[in-house]
Number of protein chains: 2
Amino acid sequence: MEREQGALILRRLGLKATPRRLEVMQCLVGERMYLSADEVWNRIRVRLGSIGLPTVYRILDELAEARVITRIFSADRKQYFFMCANQEHHHHFVCDSCRRVVDFAQCGLEGLAGEIASSTGGRVLSHILQVNGLCAECSRTESEVAR
Amino acid sequence: MEREQGALILRRLGLKATPRRLEVMQCLVGERMYLSADEVWNRIRVRLGSIGLPTVYRILDELAEARVITRIFSADRKQYFFMCANQEHHHHFVCDSCRRVVDFAQCGLEGLAGEIASSTGGRVLSHILQVNGLCAECSRTESEVAR
DNA sequence: GTATAAATAAAAATAACTTTCATTTACATG
DNA sequence: CATGTAAATGAAAGTTATTTTTATTTATAC
Ligand SMILES: [Mn+2]
Ligand SMILES: [Mn+2]
Ligand SMILES: [Zn+2]
Ligand SMILES: [Zn+2]
């Protein structure tokens, strides 16, 4: 992501294009594994000289709120983040072993939303969908180990 | 849930049928809202005389592990639990306003699992699906307030 | 350049959970 | 029924991810 592109996205969201925000975005863009706030912090503070962990948390929150990045669900219940080029509605296939994230477009929940609304009389507002497993590489590795 | 039924479930899991476990199950069965460990604790300690919060956490973990109860995802990232009579694979429609949980059987992710496996070369092991919104009652209330 | 609201750092606080370890209890066995 | 044993529990302390607070700095509109 070009520096100016990041700045544009931030201004569109009504956020100032600060060096810290740009670094956080830079750190996540193109990264194919999901990262924790702590990991983002450790990666960027080398380059920024210094940045506070609360700042990283705040920036990640803002970006997630604005849907620039996504939250990934993990069994350890920590917060993890991932940025995808894909800006349309979609979900993720997440590797339990190496943390790789792969987009998939199929959602197929529009129909379900309708069914739930009509059968319960309620209103559907959002949904969480995440598929977990082993990516191709980890799947292969595991087979080798078993041999 | 009859006391003896609870005991049977626990023994089948290789767990001792202790008064604390039975109370936790009793507390959750038939409850139509999801509850936190803290809430379960406050409800049952009145009846048990005393029980430690770590014990409640341990019991809830065991029951969730054994799939006797389910974890509910919440924006506050606390752990919430819900028990459904329905023992088959299914998911939940959760009210963001009153915490009510409604089962829905449709999952429709078997096909998706296959597609992901064949397109990525990986292996699908599990998935998370939760639909959020407003239950019928809360949806009605909200409309009234808007008027 | 300057004013101003927004952003940040540093430190302290929070709170949800978890661990430890000494004591108690369910229950299998005789 | 008595009893041995592993499993379960309580109390207290510990952990740690995340958040709050407040004084200072900075992006940006004018
Ligand atoms: Mn979807
Ligand atoms: Mn499913
Ligand atoms: Zn992998
Ligand atoms: Zn409701």
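Here is the naming used below: chain letters follow the sequence lines, and residue numbers restart at 1 for every chain.
If you measure from atom CD of A:Glu23 to atom P of C:dT8, you get 12 Å, rounded to the nearest angstrom. Between the CG atom of A:Asp76 and the C1' atom of D:dT15 there is a distance of 14 Å, rounded to whole Å. As rounded to whole Å, 13 Å separates atom P of D:dT19 from atom CD of A:Glu65. For the pair B:Lys78 NZ and D:dT19 P, the computed distance is 14 Å after rounding to whole Å. Separating the CD1 atom of A:Ile59 from the C1' atom of C:dA7 is a distance of 9 Å, rounded to the nearest angstrom. Spacing between atom CZ of A:Arg11 and atom P of C:dA5 amounts to 20 Å, rounded to whole angstrom units. Taking atom CG of A:Leu22 as the reference point, atom P of C:dA7 lies 13 Å away to the nearest angstrom. Spacing between atom CD of B:Glu4 and atom C1' of C:dA26 amounts to 13 Å, rounded to whole angstrom units.
Comparing B:Thr18 and B:Pro54 by the nucleotide of DNA chain C that holds the closest heavy atom to each, the one mapping nearer the 5' end is B:Pro54. Map B:Asp38 and A:Lys16 each onto its nearest nucleotide of DNA chain C; the residue landing nearer the 5' end is A:Lys16.
At the phosphate of D:dA27, neither OP1 nor OP2 sits under 4.0 Å from any side-chain N or O atom of A:Arg21. The phosphate of C:dA16 has neither OP1 nor OP2 within less than 4.0 Å of any side-chain N or O from B:Arg77. Distances shown here put a side-chain N or O of A:Gln79 below 4.0 Å from the OP1 or OP2 atom of D:dT18. Considering only side-chain N and O atoms, B:Arg58 lies nowhere under 4.0 angstrom from the phosphate OP1 or OP2 of D:dT9. Not one side-chain nitrogen or oxygen of A:Arg20 sits closer than 4.0 Å to the OP1 or OP2 atom of D:dT26.
At a threshold of 4.0 Å, the pair B:Arg45-B:Glu23 does not count as salt-bridged, since none of the basic side-chain nitrogens sits closer than that to a carboxylate oxygen. Ion pairing between B:Glu39 and B:Arg99 holds under the 4.0 Å rule for side-chain N and carboxylate O. Taking a cutoff of 4.0 Å between a charged side-chain nitrogen and a carboxylate oxygen, B:Asp38 and B:Arg43 do not qualify as a salt bridge.
Listed nucleotides D:dT9, C:dC17, C:dA7 differ in distance to B:Tyr57; the shortest reach to its side chain belongs to C:dC17.
Within the 4.0 angstrom heavy-atom criterion, only backbone atoms of the sugar-phosphate kind lie near B:Ala17; the bases stay farther away. Using a 4.0 Å heavy-atom distance criterion, A:Leu15 is classed as a sugar-phosphate-only contact. Across all strands, B:Arg45 comes closer than 4.0 Å to no nucleic acid atom at all (heavy-atom distances). Among the atoms of the strands shown, none is found under 4.0 Å from any heavy atom of B:Ser36.
When every heavy atom of B:Met33 is checked against every heavy atom of B:Phe82, the shortest pair comes out as O-CD1, 3.8 Å.
More than 12 heavy atoms of other residues, nucleotides or ligands lie within 6.0 Å of CD in B:Glu31, so this atom counts as buried by the packing criterion.
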